[in-house]
J.: 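Encoded as structure tokens, here's the structure I'll be asking about.
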Amino acid sequence: MNLENYIFLFFVYAFLGYVCEVIYCSIGQRKLVNRGYLYAPICPIYGAGAVLIIFSMNPIKDMWYLVLILGIVLTSGLEYFTSYLMEVIFHMRWWDYSKRKFNINGRICLRNSLLFGALVMAVMYGLEPLAEKGMAWIEDMVLRIIDCILVLGIIIDFIFSTIKNINIAKVVNKISDITEEAKDKLILIKEAAGEKINEAKDYIGNTAIALKLKEFIAKYPNLSFRKIGKGKKRLSVSEFITKHLGSKDDEDESNHSRKA
């Protein structure tokens, strides 16, 4: 086969791969899922994988076991490389198999690799002979024109799709930064609150102050904080001190007093 044939096959298998992805993911999620990176209904990774397999496997086509093994290795390697490259470009992991058994860095997994192996066999011994017969009916000049239109279309699509996905990646990363910043601030607030509570505990832990406070509460057992804000209830001073500032012994004593 010449270059024009491989270009045409790239688009054929990219489209078929898109259809397989949509069906596979839609069944799993029980709704229609568009898995394409581009606006056009094609998945370039499937087209590239098919062309790579056809080009490299034709010399050993008679040894199906080698086709299967090498096909799994090549397609899995292509998926791993694509995952790594897209993560470098967009700073996002586009697919993650970390929860599946026998995965490598979450980029590839045994189940998908075996599925790729099945697709390799289907392409080499089922679809490819049919594709060659179909292309034989197309004149070379017509095939070149079709290839030029498709290549021009995918270049334009790739540019606009990449711009869109980069912008989306920026939004996602911005949200991630804001979330992390909020978490850091919450940690600081909790630490500051903890320090203040410890400071209050230390203050009440002063024997003279503690005795005066207990004496004061004993005189006014119904002492409570003033109601603040709409819908907020009054809070007993003794309960507040026992709950937030008191020791475990104080809590036990308070519970015993309430039961009595």
Side-chain angles (χ1 to χ4, degrees), residues 1-28 35-38 40-88 93-144 146-148 150-151 154 158:
M1 286 192 292
N2 53 33
L3 180 61
E4 289 86 354
N5 296 125
Y6 281 115
I7 293 175
F8 184 77
L9 288 176
F10 168 86
F11 286 97
V12 170
Y13 289 113
F15 172 73
L16 293 176
Y18 170 84
V19 173
C20 290
E21 278 281 314
V22 170
I23 293 174
Y24 178 77
C25 295
S26 297
I27 291 174
R35 289 281 291 178
Y37 172 85
L38 303 175
I42 58 175
C43 284
I45 188 172
Y46 282 92
V51 170
L52 177 63
I53 291 299
I54 295 168
F55 179 78
S56 58
M57 298 299 168
N58 267 329
I60 58 171
K61 192 173 182 179
D62 294 335
M63 294 179 283
W64 65 267
Y65 48 91
L66 281 181
V67 171
L68 177 61
I69 295 172
L70 293 177
I72 290 174
V73 172
L74 288 175
T75 52
S76 299
L78 179 62
E79 185 182 33
Y80 190 99
F81 173 76
T82 303
S83 171
Y84 176 80
L85 183 62
M86 293 184 73
E87 187 171 346
V88 170
R93 179 71 68 90
W94 289 76
W95 58 83
D96 192 351
Y97 306 134
S98 298
K99 295 182 180 180
R100 295 183 182 178
K101 294 181 179 179
F102 310 110
N103 71 85
I104 300 178
N105 297 330
R107 301 185 190 280
I108 58 175
C109 66
L110 180 61
R111 186 175 77 175
N112 277 36
S113 295
L114 293 177
L115 288 174
F116 288 147
L119 288 175
V120 167
M121 301 300 284
V123 168
M124 289 301 299
Y125 302 106
L127 297 176
E128 182 54 23
L130 295 176
E132 290 184 6
K133 290 179 181 179
M135 286 188 297
W137 288 87
I138 305 175
E139 295 184 3
D140 291 342
M141 183 57 66
V142 174
L143 190 61
R144 291 192 188 98
I146 294 174
D147 286 347
C148 289
L150 291 174
V151 169
I154 196 175
F158 183 81

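Sequential numbering from 1 along the given sequence is applied to the chain's residues.
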J.: Hey, what's the ring geometry for Tyr37 with Phe158, parallel, tilted or perpendicular (30° and 60° as the breaks)?
T.: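 Taking Phe158 first and then Tyr37, their aromatic rings sit tilted (interplane angle of 30° to 60°).
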J.: Is there side-chain contact between Leu127 and Leu16, with heavy atoms separated by less than 4.5 Å?
T.: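 A side-chain contact exists here, since the closest heavy-atom pair is under 4.5 Å.
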J.: State, with a plain yes or no, whether a side-chain heavy atom of Ile60 is found less than 4.5 Å away from one of Leu70.
T.: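 They are in contact (side-chain heavy atoms under 4.5 Å apart), so the answer is yes.
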J.: Any donor-acceptor pair under 3.5 Å linking the side chain of Asp96 with the backbone of Ser98?
T.: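 Yes.
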J.: How many angstroms lie between atom CG of Asp140 and atom CG of Asn5, to the nearest 0.5 angstrom?
T.: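 The distance works out to 7.5 Å.
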J.: Would the distance check show the side chain of Thr82 and the main-chain N or O of Leu78 forming a donor-acceptor pair, the cut-off being under 3.5 Å?
T.: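 Answer holds: yes.
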J.: Examine distances only and state if a side-chain atom of Thr75 and a backbone atom of Ile72 form a donor-acceptor pair shorter than 3.5 Å.
T.: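 Checked: pair present.
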J.: Which distance, rounded to the nearest 0.5 Å, do you find between the CD1 of Ile146 and the CD of Glu139?
T.: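 Going from CD1 on Ile146 over to CD on Glu139, the span is 10.5 Å.
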J.: Could you tell me if the side chain of Phe116 sits less than 4.5 Å from the side chain of Ile108, heavy atoms only?
T.: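 The answer is no, as the side chains (C-beta and beyond) never meet within the 4.5 Å cut-off.
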J.: Asn112 vs Arg100, test: side chain to side chain contact (heavy atoms under 4.5 Å, CB included). Steps then yes/no.
T.: CA-CA 10 Å; Asn112 277 36; Arg100 295 183 182 178; 2.7 Å; yes
J.: Find the distance between CZ (Arg111) and CG (Asn103) and round it off to the nearest 0.5 Å.
T.: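 Reported value, rounded in 0.5 Å steps: 11.5 Å.
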J.: Kindly say whether Lys61 contributes a backbone atom to a donor-acceptor pair with the side chain of Tyr125 at under 3.5 angstrom?
T.: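 Indeed, once roles are kept as given, a pair shorter than 3.5 Å links the two residues.
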J.: State the CD-CD1 distance between Glu4 and Ile138, to the nearest 0.5 angstrom.
T.: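 Nearest 0.5 Å value for the CD-CD1 distance: 12.0 Å.
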